[in-house]
Amino acid sequence: MRGYVRFLVVGLILGLAIPLLIAAVQEKSPAEEIYRGPMERDEYYMFSSGGQSGGVFVIGLPSGRLFMDLPVFEPRAAYSYAGVGMPEREMLEKTGGLWGDTHHPRLSQTGYKADGKWLYIQDKANTRVGKIDLRTFRTVLVKKAPNIQVWHGIALVPDRQGNTRYVCANGEFEAPVPPRPGLPGGYAEQPIPDVGARVPEDWKSGVVCLYADTLEPAFQVLGTYGNFDIMDWSPSGRWLLSNIYNMERGANIDEMIKAPEDATQFLDVWKAEEALGAGQYTLVNGVKVLDPKAIPGLVYLIPAPRNPHGIHCQRLDPRLYGEAALGKDTVCIAAGKIVPRVNIFDISGERPRLVAQPWVGLGPLHVQYDGRGNFYVSLFVDSQIGAYNIDKAIKFPNEPDRYTVDKIDIHYNVGHLSTVMNYSTPRGDWLLSQNKLTKGLPGFIPTGPLEPEVQELIDIRNITADGQGKMRLVYQFPTPPEPHESDFIEAEKLAPLVWTKYSRPYDPDTRFVGPGESRVVRTGPHSVDVYLTTVRSRYGLDEVRVKQGDTVTLYLSNVERLRDMTHGFALQEYGVHFAIDPGDTKKFTFVTDKPGVYWFYCTWFCSALHMEMRARLIVEPV
Ligand code: RUQ
Ligand code: CUA
Ligand code: CA
């Protein structure tokens, strides 16, 4: 009997312990770690800039699933953004047009942490920025930055509590400052000088900071030299870093790559605020412009290897690790000596200081961090990503074997790389390689002469704080053109903040039309307001009767109480198509210049009677 009990007890222990033991030692395969099965949620939201697509892609990580192609500078009817006759369209047209070139998305922060409130992204070409409300994932504001041409680098500079205060811009291309209105481009009243090989001295680039809430200009700091490219802010929020290429002031590529060095600018934001308070500015087009030549200590320039590109700060360290990597030279190798180095700065003291310039590989473009003491560099020419240990790179800057942790091949020609939450609280788990070319990647089915764009997911969890371990490539997923930089936030943090339904009034310019309030109101001999509800599976009126030549302002409200019950509105001949989310009201205006009967209908499949969801616009001839 005793033996039987012992047998039972031992059997029980083994029966419990063995499966537990197996589970503990069994390492998950990469596929298991990134795969999200039915009903399984991703760990992060990744906001990836859409490059020449003009918007932002919302991607779940680590699965790589594309959740939304969020429109910012390009209209998108399916998301009810900037259609003909809508106010958002006017906002885009007034600031530059219906397209954009988005490069660097940034999430707003509270206490130095991504807070899930706002997303900002710049449009390089048209020198403007879009602000996206993350409750609704809708672009709510687009503004042009004054007095600069081409907005490349962006930084959300916080106040001293770590709350986002400014949206700062690097103006990349130099132009006459102050702008002299009068001639094409608004830049000169005298004949525009023949530039020749050198850009004239009074043509400037530089930094403009806008208030993050209103996007109205706060101040500008004139660039005294060269072209301002990428920017970032130091962990204290005091320094705003810009890398500058073309210190030569060359007007063509041969001239731009002549000098052996370019520069990194450190702008003292606190000093700028002091100078503003002391009135040391001049007003140019209503913007308070600070001239660094007149304000000592406002900017410091530190030499960088020639033609630098990315500059990125390390968030979790009192020291700052910037980077100014030579990219362009290595692409045009004929141009001269290849010096692919990364700049490491220390700004724990009163003045920024260069502490090391380690060699990294060919075509370095951008740097990211894992929060454990390592940095990662995209190497465009080598088609690799390198991992390096920061402390060792400072201690042994001439011994790549000691500070290089690992290198991994990517496919191909990486531009940006993004580590998860690099710009807030780096996680050091995943790294995205955002590649410029796929060149017939074997795993991808071809899609014509333009091949699919790819992001590659790299596991960096095995890279240790003392610079040991290997990266591993675990996934390749396509993204519409063109994979660029990303910013991240935890899904569990943002998801609860996202609305399932609009609260009223979201937009003070529109008037919510409640159930039973649909009506046509004549407001003048040639103007009509139409108030219309949508709910499954009908519009509030079966017939909307107006006269030829009327200006019709339509307010369309979705009165659904069910989440995710979006309706559409498509009207042929008048070019109108938009969507309307639960609880929201959309407004648009059009002129009824074509008499006739026009059926409008719902474009979102909303119910079993979706096909029946239509009504008539009758335009009576006069
Ligand atoms: S820049 S590939 Cu416009 Cu982001 Cu470096
Ligand atoms: Cu409403 Cu389909
Ligand atoms: Ca140069």
Side-chain angles (χ1 to χ4, degrees), residues 48-52 56 78 80 100-106 121-125 127 150-155 169-173 227-232 242-243 245 307-312 323-328 330-331 363-368 377-381 383 385 410 412-418 422-423 432-437 453 455 481-487 532-540 556-560 562 564-570 577-582 584 586 599-615:
S48 206
S49 67
Q52 57 277 50
V56 174
S80 190
D101 183 20
T102 61
H103 285 219
H104 309 115
R106 291 287 184 276
I121 189 151
Q122 52 45 281
D123 166 16
K124 173 172 170 165
T127 317
V150 175
W151 178 333
H152 201 185
I154 188 171
N170 264 351
E172 189 169 354
F173 297 166
N227 298 86
F228 286 60
D229 190 8
I230 303 300
M231 70 181 356
D232 200 3
S242 301
N243 71 297
Y245 67 93
N307 294 63
H309 185 50
I311 189 156
H312 306 271
E323 106 107 340
L326 174 145
K328 285 144 194 154
T330 56
V331 181
L365 289 177
H366 292 278
V367 178
Q368 298 275 280
V377 180
S378 53
L379 303 167
F380 182 91
V381 176
S383 275
I385 281 176
I410 54 83
Y412 303 95
N413 304 96
V414 54
H416 272 277
L417 75 177
S418 299
N422 179 75
Y423 294 106
L432 278 303
S433 177
Q434 293 156 328
N435 306 334
K436 296 302 185 196
L437 301 162
E453 312 298 311
Q455 305 205 39
E482 180 183 72
H484 222 295
E485 202 184 21
S486 302
D487 204 358
L532 206 58
T533 57
T534 58
V535 71
R536 280 155 297 160
S537 301
R538 68 192 321 149
Y539 295 102
L556 190 71
S557 291
N558 181 335
V559 298
E560 291 285 355
L562 191 65
D564 194 31
M565 198 47 76
T566 291
H567 296 284
F569 184 100
H577 179 207
F578 60 97
I580 176 88
D581 299 327
D584 196 14
K586 283 283 161 198
W599 290 96
F600 53 89
Y601 75 98
C602 174
T603 47
W604 282 73
F605 205 108
C606 51
S607 77
L609 291 172
H610 157 78
M611 266 77 66
E612 287 77 358
M613 191 164 171
R614 60 175 183 152

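Since this is a predicted model, take the numbers as computed values, not measurements. Whatever order the structure lists them in is the order used to number ligands and atoms, beginning at 1.
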Undergrad: Rounded to the nearest 10°, what angle sits at atom 1 (Cu) of ligand 2 between ND1 of His567 and SG of Cys602?
TA: 120°
Undergrad: Decide yes or no on side-chain contact (heavy atoms from CB on, under 4.5 Å) for Asn243 and Phe228, but give the supporting numbers first.
TA: CA-CA 6 Å; Asn243 71 297; Phe228 286 60; over 6 Å; no
Undergrad: Report yes or no: does His610 have an N/O/S atom closer than 2.8 Å to atom 1 (Cu) of ligand 2?
TA: no
Undergrad: Can you list the atoms of ligand 1 that are under 4.0 Å from a heavy atom of His104?
TA: 1 (S), 3 (Cu), 4 (Cu)
Undergrad: Look only at the side chain of Thr102 and the backbone of Gly51, and say whether a donor-acceptor pair between them is shorter than 3.5 Å.
TA: yes
Undergrad: Assert yes or no for the condition that the ring centre distance of His416 to His104 is strictly below 6.0 Å.
TA: yes
Undergrad: Just checking: His152, one of its N/O/S atoms, less than 2.8 Å away from atom 3 (Cu) of ligand 1, yes or no?
TA: yes
Undergrad: Without swapping roles, check the side chain of Asn435 against the backbone of Leu437 for a donor-acceptor pair under 3.5 Å.
TA: no
Undergrad: Check Lys124 with Glu172, please: is the shortest side-chain N to carboxylate O separation under 4.0 Å?
TA: yes
Undergrad: Between Tyr539 and Arg614, is there a cation-pi geometry (under 6.0 Å to ring centre, at most 45° from the normal)?
TA: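 No - Arg614 does not lie over the ring of Tyr539 by the 6.0 Å and 45° rule.
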Undergrad: Does CZ in Arg536 sit with more than 12 non-hydrogen atoms of other residues, nucleotides or ligands closer than 6.0 Å?
TA: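 More than 12 heavy atoms, drawn from other residues, nucleotides or ligands, come within 6.0 Å of this atom.
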Undergrad: Ser418 and side-chain hydrogen bond (donor to acceptor under 3.5 Å, both in side chains): which single residue from Glu485, His366, Gln434 fits?
TA: Gln434
Undergrad: Do any of the N/O/S atoms of Met613, backbone or side chain, fall under 2.8 Å from atom 1 (Cu) of ligand 2?
TA: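 Yes.
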Undergrad: Run through the protein N/O/S atoms less than 2.8 Å from atom 5 (Cu) of ligand 1 and write them out by chain and number.
TA: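 The answer is His309 NE2, His366 NE2.
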